[in-house]
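To keep things clear, I will list the structure first and then write my remarks on it.
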2 protein chains.
Amino acid sequence: MTDIALIESAREFNRFYTNFLGLLNKAYLDTPFTLTDARVLFEIGTHNGVNAGALARDLQLDPAYLSRILKRFREENLIEATPDPTDQRSQILTVTGKGRTQFEELGRRSNAQIAARFDTLADGEPQAAVAAMHTIRAILEPQARPAAAVIRPHRAGDIGWIVQSQGRFYAEEYGWDLRFEGLVADVAGKFLANFDPEMEYCWIAERGGINLGSVLITNGGDGIAKLRLLYVDKAARGLGLGRQLVDECIAFSRRKGYRQISLWTNDFLHAARAIYQKAGFQLVSEERHRMFGPEANGQTWVLDL
Amino acid sequence: MTDIALIESAREFNRFYTNFLGLLNKAYLDTPFTLTDARVLFEIGTHNGVNAGALARDLQLDPAYLSRILKRFREENLIEATPDPTDQRSQILTVTGKGRTQFEELGRRSNAQIAARFDTLADGEPQAAVAAMHTIRAILEPQARPAAAVIRPHRAGDIGWIVQSQGRFYAEEYGWDLRFEGLVADVAGKFLANFDPEMEYCWIAERGGINLGSVLITNGGDGIAKLRLLYVDKAARGLGLGRQLVDECIAFSRRKGYRQISLWTNDFLHAARAIYQKAGFQLVSEERHRMFGPEANGQTWVLDL
DNA sequence: TCAATTTAATTGACTCAGTCAAATAAAAGC
DNA sequence: GCTTTTATTTGACTGAGTCAATTAAATTGA
């Protein structure tokens, strides 16, 4: 569950932006097009060759309604529809010369609206607003994101992120109290304070500047590497990031001459457990505990290298 | 004239957000309300006592259309309209008990929609998106005054946030290395691990679900309260949050019977220093150090209570 | 392979959200 | 006190958008 204040903020913005868009869309008032018409023409104009189905999906329009709009556009000679050779039910939509002229005219109007608004702003404000728009879009439109997550060493702020995300996750999902976040902070703090770059490491998985996962290897002495704070954010589950992070740990530990990797986890973390098992870790001990409130089964797993 | 690429970007965002809002507004599909109905009811519910004219202006609705919506709401006993004593043409609109119930139900649905969307996002992404929304709104609607910041005790994830924001801030601004983040994590971890709710406290300043600042009081023994990790995000500088946080610390420490508050800071933190001085803290010692890379002047300040 | 099912697009039949012009009635201006 | 302006309502539409049924091509699977 997300913070309620955050949701209220988002709603407030949505109300504001609904108004704002309403204002902008008055640009179409003295054209023969409605907002929906304009959206359809725009979509065909920019994605020449789409079919009606894709259009209806992308613009969230009723297929019946869209069909009528397209019919009108055809009658007015704004678009052409040729049957898709690979699927005779479908048709490929393209704008005609006349359609393109109209489309460009709509674009000019729309640009003028926004330019007028931007021209009332202070220097640098349009840039800041557009940067914020990119941020929102990158977050809310997942398919527009760079697909690949990268794994990289930690930077300033990352360790704090680990503490925050683990603290929040275990509290929300398992009802663990703040002592757990304290433990994570302690482990993380010691890691940074005594950081030995020769024998220790922290990996952060990130995508588009947003952290998605983490793990770290600390030196447990006696040739034992401790794998700690494995975490994969819920937005990135199922991408194999957990596995990749553990593999990094194993490769690093081998390279550095450790003879064993040891880790502590809890039995309810099924996904993590599956990763450890698949990587060859063995369960060596298990104990019931109430360290952080609710009862849980702590488990120690090891992998001989 | 504003840069054309900027305008195109804004238009692209607008198209995207039109779709996004369209998706969200499906929340009303199985209610007897249209989006416009919901907007009107929301506006009356939150601004009890508005008149129809203001409503039409704010929501950019046709007065005729609005009049009919209000008539329907009156007939369904959702709102009440009493003539404005200062202007008999106008009427003051208020929600009835039934109207308020409906209004709250709509709010719940709307919240649920956004929560469902946010729950698919990575940790920190909702916060980042909402922060960007604030940015946009502040630019496009300058007269809108931001919601008031509130100061509240810490919750799960907050301590991690403190570590992250301080770690990042000192690294970016002063080039401090990760040992500093380690120190913060250590302090924060110990705070949580040994948390004594009788004598210790953590305050988080937040606005609309976005954390803006923090401070904590730990028990230093000998009747000395330690003020630690004072931080105000750059997005919230100049609002007096730092002062408020320090005031909370002083009031708490007095209430709990501490005889002195002590804190450690660095001389380049001018804003913080001004707050401490104004609150009556005295500089008692100063030493040069290189604990976190660049040379700095550490300072100890105390306030006798 | 061919009957059953699914998918893409269209058509029929509505309705109700939203518009525009005119009317009413109170307030403000001259 | 007469005219003009402002807040709201009513009359009279219309066309944007919906829902169910239909057509026809593609896909599935026994």
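Here the side chain of B:Gln60 pairs a donor or acceptor atom with the backbone of A:Asn19 at under 3.5 angstrom.
Rounded to whole angstrom, the span from the CG atom of A:Leu35 across to the P atom of D:dG15 amounts to 17 Å. For the pair A:Leu93 CG and C:dA8 P, the computed distance is 14 Å after rounding to whole Å. For the pair A:Arg72 CZ and C:dA9 C1', the interatomic distance rounds to 17 Å; values are reported in whole Å. Between the CD atom of A:Gln91 and the P atom of C:dA8 there is a distance of 13 Å, rounded to whole Å. Counting to the nearest Å, the P atom of C:dT10 and the CD atom of A:Glu75 are 12 Å from each other. For the pair A:Ile92 CD1 and C:dA8 P, the computed distance is 15 Å after rounding to whole Å. B:Leu66 has its CG atom 12 Å from the P atom of C:dT19, to the nearest Å. Between the P atom of D:dT6 and the CG atom of B:Asn51 lies a distance of 15 Å, rounded to the nearest Å.
Other residues, nucleotides and ligands place more than 12 heavy atoms under 6.0 Å from the CD atom of B:Glu105.
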Quick one: do B:Asn51 and B:Ser90 satisfy side-chain hydrogen bond (donor to acceptor under 3.5 Å, both in side chains)? Show the steps, please. CA-CA 6 Å; B:Asn51 57 1; B:Ser90 246; 3.1 Å; yes

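Heavy-atom distances to DNA chain D give each of B:Lys71 and A:Ala64 a nearest nucleotide, and the one nearer the 5′ end belongs to B:Lys71. Between A:Ile69 and A:Asp84, the one whose closest nucleotide on DNA chain D sits nearer the 5' end is A:Ile69.
A centroid separation of less than 6.0 Å is found between the aromatic rings of A:Phe13 and B:Tyr17.
At a threshold of 4.0 angstrom between heavy atoms, the contacts of A:Arg39 with the nucleic acid are absent. Looking at heavy-atom distances under 4.0 Å, B:Ala52 makes contact with sugar-phosphate atoms alone, never a base.
In the interface, the side chain of A:Arg68 is not paired with the base of D:dG15 through any donor and acceptor atom under 3.5 Å apart.
Distances shown here put every side-chain N or O of A:Gln88 at or beyond 4.0 Å from the OP1 or OP2 atom of C:dA8. Distances shown here put every side-chain N or O of B:Ser90 at or beyond 4.0 Å from the OP1 or OP2 atom of C:dA26. A sub-4.0 Å separation between OP1 or OP2 of D:dT9 and a side-chain N or O of B:Arg74 is present.
Nearest approach of A:Leu303 to A:Gly280, heavy atoms of both residues: CD1-O, 3.4 Å.
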